[in-house]
Amino acid sequence: MDKYQGIGVQQQALYNTKFMPVEFSYTKAKLFRSIHSLPLQTSFHNQLTITNKRAAEQNCLTLLQLCDSLPKLTQLHAHIFKLGLRNNPLVLTKFASTSSDLNAIDYASTFLFAADAKTHLYDSFLFNTVIRAYTQPRDSKHNGIYYYKLMLEYGVLANKFTYPFVLKACAGLGDLSLGKTVHGCVLKVGFDDDVHVLNTMVHMYGCCCGGIEFGRKVFDEMPKSDPVSWSAIIGGYARLGMSIEAVGLFRKMQISGVRPDEITMVSVLSACTDLGALELGKWVESYVERENVVNSVELCNALIDMFAKCGDVDKALRLFRNMTERSIVSWTSVIVGMAMHGRGPEAFSLFEEMKGAGVVPDDVAFIGLLNACSHSGLVEEGQQHFYSMTKDFGIVPKIEHYGCMVDLLSRAGLVKEALEFVQKMPIQPNPIIWRTLITACRAHGELNLGESITKELIRNEPMHESNYVLLSNIYAKQFRWERKTKIREVMEKKGMRKIPGSTMIELDNEIYEFVAGDKSHSQYKDIYEMLDEMGRKLKRAGYVPTTSEVLLDIDEQDKEDALNRHSEKLAIAFALLKTPPGTPIRIVKNLRVCGDCHSATKFISKIYNREIVVRDRNRFHHFRDGLCSCKDFW
DNA sequence: GTAGGGTTAG
């Protein structure tokens, strides 16, 4: 009798106090009450037989579905103990498979695999659920691998469901050698004929540095490919920035007769975005409409991102406005889009609108917003948002957020403040932050400071090319040519090369890429004639070449020639030749646009009466009638 | 009872 009473009291206590968390919504609470009161009580009042134990277990499982965080789980778990259902793996595994709270997953898995737990309970299913649980949250993939290793150690056989989880974990870690090891295991146990396993394998290789060739091999040798396989390989190339290959593969996919779905189209769109290929992107949009591809939120997000980053931010905004359901990514994409086009105030009002709509900004949204401040020179607003991020939203700033702040201060010319900010940062500054600061030093004449920071950086990171380029740029600005030459020698000795600047342009469904002094184009003679004519017209209009941008020790005339052969100018000359008067020109540069090209493009837009849209590494410049939308702030 | 590919920032 006592026993039953005891349970009654426990249940009562549970019922009245802790176990009903206030944050449960009404429906959930109602459900909870009904589940909790009826079957459990009946089963316990009828004696604790095996059948009743199962029923109690069932109830616990249902209750577990309502547990979405660690506190709720621990309370329920304590209750399970009291009911004598101790160490029931099923209960906790069920939880691990549905929770997205990393702490709770840790709790469940630690408990399940504690030293005194009974190993005979362990089977593939149990391990699979735990490994899967760890593939969900960010930064926890190594735990998935840990449990896979434990599984092997315990002699539990991995089945065909195990490998997709394990490969996903490898993908998340980007660990190629680990991925290869797992690949070897798959071959050994003979799951290499399973389409799920193979598709995840392609995906895994596509996520690992230097792995895409292996992924391609797996893909090419697959006995049968479906939209998932194609999406995995196209997505792999797109992620790497091998966008031409990604688009080429999409064409092959169409020929092969496999019907692309909405996920394939997202990958194709991200390749278009990378290429800045607006026409191709528009084609994808029409394809999606024509073929009735499912219009998912993610697909729409990808379209918004594409339009914003290929120059048509108004179209991106229209798409955003027409969405019936929006995710945080939709908001962030459109905010970032506005920021890239120098429309800071609109980015801000969208951010406010987002908060008003009840969408809680995450860390990425703040990076976008802080970037908007940076591109528009809004120092105070940026600082306010930076503090509000922690104060109002409890987001701990990451290195990227600090990076945004350094960028914000640097661009505004507040080099000293930026340095002070870096010195006061609670986390170790990374090389990206130092490079931001060095660029600012160079731009705002703090050459000695820039030199000493760069030297320090090179000591810590001797194999990074851009550090040497930065130092050599500082020397060039100080006219210390012998030092500059020495840097170049050091780089050559170490086998490093500066990334060459290149400009892409899309004309008549073709993408052309130019590098400085490029003569590989079949019409190069016409292009160079056009360049010379442009040069003459520009000078007449009052353009003065910014020869200080040339970082070589050559005479003034040679410097002018070098400037005149920059890839941006080649692409513009080509566009002037090939398109009818008045057509807008869109070009995409892989690095930041150079100061001289920026000033020359302003003149070109006026002289030739063209709107010229330039996407550089960081943002957009809209040139019209002799002016640029960035207001010379970039 | 358990499985595959996707979007924002850096």
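We name chains A, B, ... by the order of the sequence lines, and we start the count at 1 in each one.
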### Message
What residues from residues 331-349 of chain A pass a heavy-atom cutoff of under 4.0 Å to DNA chain B?
### Response
A:T332, A:S333, A:V336
### Query
Please, which pairs that meet salt bridge (Lys or Arg N to Asp or Glu O under 4.0 Å) have at least one residue in residues 248-269 of chain A, sequence neighbours excluded?
A:R259-A:E291
### Partners meeting side chain to side chain donor-acceptor pair (under 3.5 Å) with A:E221 (sequence neighbours left out)
A:K217
### Message
Using a 4.0 Å cut-off on heavy atoms, which residues in residues 353-371 of chain A reach DNA chain B? List them by number, or say none.
### Response
A:V364, A:I367, A:N371
### Short side-chain N/O contact to B:dA9 OP1/OP2 from A:K309, under 4.0 Å
yes
### Message
Can you list, in residue-number order, the parts of residues 246-266 of chain A that come under 4.0 Å of DNA chain B, counting heavy atoms only?
### Response
A:D261, A:E262, A:I263, A:T264, A:V266
### Listed partners of A:N590 passing side chain to side chain donor-acceptor pair (under 3.5 Å), at least two apart
none
### Task
Would you please name every residue forming a salt bridge (charged side-chain N to carboxylate O under 4.0 Å, His left out) with A:E465, sequence neighbours left out?
none
### Query
So which pairs with a foot in residues 252-272 of chain A pass ring pair (Phe, Tyr, Trp, His ring centres under 6.0 Å), sequence neighbours left out?
none
### Message
Going by side-chain hydrogen bond (donor to acceptor under 3.5 Å, both in side chains), name the pairs with one or both residues in residues 178-193 of chain A, residues two or more places apart or in two chains.
### Response
A:H183-A:Y205
### Query
Which residue pairs pass the salt bridge (Lys or Arg N to Asp or Glu O under 4.0 Å) test when at least one of the two sits in residues 322-344 of chain A, sequence neighbours left out?
A:D314-A:R343, A:R343-A:E346
### Query
So which pairs with a foot in residues 331-341 of chain A pass salt bridge (Lys or Arg N to Asp or Glu O under 4.0 Å), sequence neighbours left out?
none
### Summary
The complete set of salt bridge (Lys or Arg N to Asp or Glu O under 4.0 Å) pairs with one or both residues in residues 382-401 of chain A, sequence neighbours excluded, reads A:D363-A:K398
